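This one's a predicted model, so the numbers in the text were calculated from it and none came from an experiment. Every number for a ligand or one of its atoms is a count from 1 in the order of the listing.
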Amino acid sequence: MCGIVGYIGNKKAEPILLNGLSRLEYRGYDSAGIATIENTAIKTIKNKGRVAELASMPNIDKLNGTIGIGHTRWATHGRPSSENSHPHMDNSNKFAVVHNGIIENYADLRDFLKSHNYFFLSETDTEVIPNLIHFHYINSKFEGEKRFLKAVIDTCKMLKGSFALEIICSDFPDNMVVVRKDSPLVIGKGKDECYISSDIPAILSFTKDFYLLNNFEYAYISRNNIKFFENDLKEFNKEINNITWDAGAAEKDGYPDFMLKEINEQPKSIRETIGSRISLNKPTVLDEIDLDKKYLSSINKICIVACGTAMHAGLAGKYIFEAICEIPAEVEAASEFRYRNPIINEKTLCIFITQSGETADTIAALNLAKSKGAKTIAISNVIGSSITREADYTLYTHAGPEIAVASTKAYTSQIVLLAILAINFAEKLGINSEKIAELKDDILKLPSQIEEVLKDTSKIKEFANKIYKEKDVFYIGRGIDYTVALEGSLKLKEISYVHSEAYPSGELKHGAIALIENGVTLVSILTNRLLVEKSISNIQEVVTRGAKTFIVTNQDFDNKFDVIIRVPKTNTLIAPVLSVIPLQLLAYYISKEKGLDVDKPRNLAKSVTVE
Ligand code: F6R
């Protein structure tokens, strides 16, 4: 939800922090701030508004420290304001803290601190943290760096909730302490300098060597050294990871927005997802998963759990698993799954899909499934993300960094990966060999077919120009096309702020058709040969009542509709990968027509690490 960045080295920290924050802005953008240490005093500048506004504040470039922390906020406790912005300091201005996450017991901690004469300047949950650190620091029996570190450890032991923290202290102008619990944080190591961030792409241009912290691992960072400690102050060694992502992947590359770039990257991202996992006439290669025929024959169902767009990919996955593996599959929103008592056991295979790997509800759902004895597979795009440390198995989509808040390339990669997984299971089960061979062939054609879809987008742009002032848009589809309707509708809502609803085509006449009147827009997806006639009848019912129609199809029919976008023919099970692209573009162009910030829609953040 929020983004945090840190630097310690020999360069001026301020421009590095601002650069990192601008790359992390997709995680929250209602206020921003930085703090550095100069001559053993902490200096902080923060404000309501975006990072660009922070960067233009008077005197920001006068911050000369070579150690610093920064934060871009997505408000949870307390409205966006200068007081509620991070960094937060303790009452004596000795410690400055930036925090991503939520402290659930902050009210009790405030009372505790007030009883020790601490006062508060903000409405945030975070402000208890620097004050608790101060409390433990002044009551410590330790000296030197252990005193600083132990005060942080004792504080973290009192916190309930989630946190990624960067802490600087005016008594230790050459050190920073960082720690995480259920919120992301990575440490990049350069030569005589370290970079800290909520995600890898934000600091990829500075280093490719990263430490990935686990929960309750503390890093005591100096310019040329990082020491790792556990909760009991025991020091341990940590492996460094070399990341192969290309720094350019986190840049706009000449596109006006990340979203358009990411939509256009889909031929590449799908190629990366496929990688060497499938080839014709050979079994799929998924070394990460060692589930065998005996286990796969024993499972009673597959549960797919995720949120938002990832859940829509999961809905497509249900059709794929049922058709190819002949195993019943259910799909549920993680926020619902985790608060009921789902009937799952050791015979259930649970698949959790999350681009970021940090979504709080999805991680909690996974832990619930594990506690009931189910085997768990995580599908994520982010190497080393939190969910990958909890799941029995992890499959990476390898779609490259997705920066725009609205998910596009991650969604198509998730569907392709689910199809590859289903093929792998069916091969092990020894079933549906013909269907599998055809599906593999079709999967391998997808990247070049996506290129075709992206070649000419003028009709989509024109239609967006015609309808961008509309208040309501309806999306319909049958079977797997309905799952694409849901995704297209979500894209429109989130980046264009247009109300829209998605219905199974046959359901419209059971109520919602009452809303159709002259001029309403209907978007319809039609990729299943067996359902063409029925679907066209459903569209006609709406056209008769005056609707404008935008149809995405790979079928041949003569009926005339306002706009027909033809996508290449493919297996119905993976058709969403192609048919969603015109819908992503429609939402994109409508948002542009309305002059909105496509990459950072209001009220949203990329990584939802709170419930
Ligand atoms: C919509 C979107 C969200 C995410 C959802 C889950 O464009 O991006 O609906 O799909 O918040 O996020 P992850 O996949 O990171 O768990």
Option with minimal heavy-atom separation from atom 5 (C) of ligand 1, where the choices are Ala306, Cys307, Ala313, Ser385 = Cys307
Modelled atom types, side-chain donor and acceptor of Glu272 and His398, under 3.5 Å = no
Does an N or O anywhere in Thr359 fall below 3.5 Å from an N or O of ligand 1?
-> yes
Quick note on ligand 1: atoms under 4.0 Å from a heavy atom of Ala310 include exactly 10 (O), 14 (O)
Any Thr408 heavy atom less than 4.0 Å to ligand 1 = no
For the residue pair His99 and Phe163, categorise the inter-ring angle as parallel (less than 30°), tilted (30 to 60°) or perpendicular (more than 60°).
-> tilted
Would you call Glu53 and Lys48 a salt bridge, taking side-chain N to carboxylate O under 4.0 Å as the test?
-> no
Shortest heavy-atom approach to atom 10 (O) of ligand 1 - which of Thr362, Thr309, Ile353 | Thr309
For Glu501 and Ser489, does a side-chain donor sit closer than 3.5 Å to a side-chain acceptor?
-> no
Asn84 and Thr124: side-chain donor and acceptor closer than 3.5 Å?
-> no
Is Lys491 in contact with ligand 1, taking contact as a heavy-atom separation below 4.0 Å?
-> yes
Give the atoms of ligand 1, by number and element, whose distance to some non-hydrogen atom of Glu494 is under 4.0 Å.
-> 1 (C), 7 (O)
Before signing off on this row, confirm whether Gln355 and ligand 1 have an N or O atom pair separated by under 3.5 Å.
-> yes
Any donor and acceptor pair, going by atom type alone, linking the side chain of Asp599 with main-chain N or O of Ala404 inside 3.5 Å?
-> no
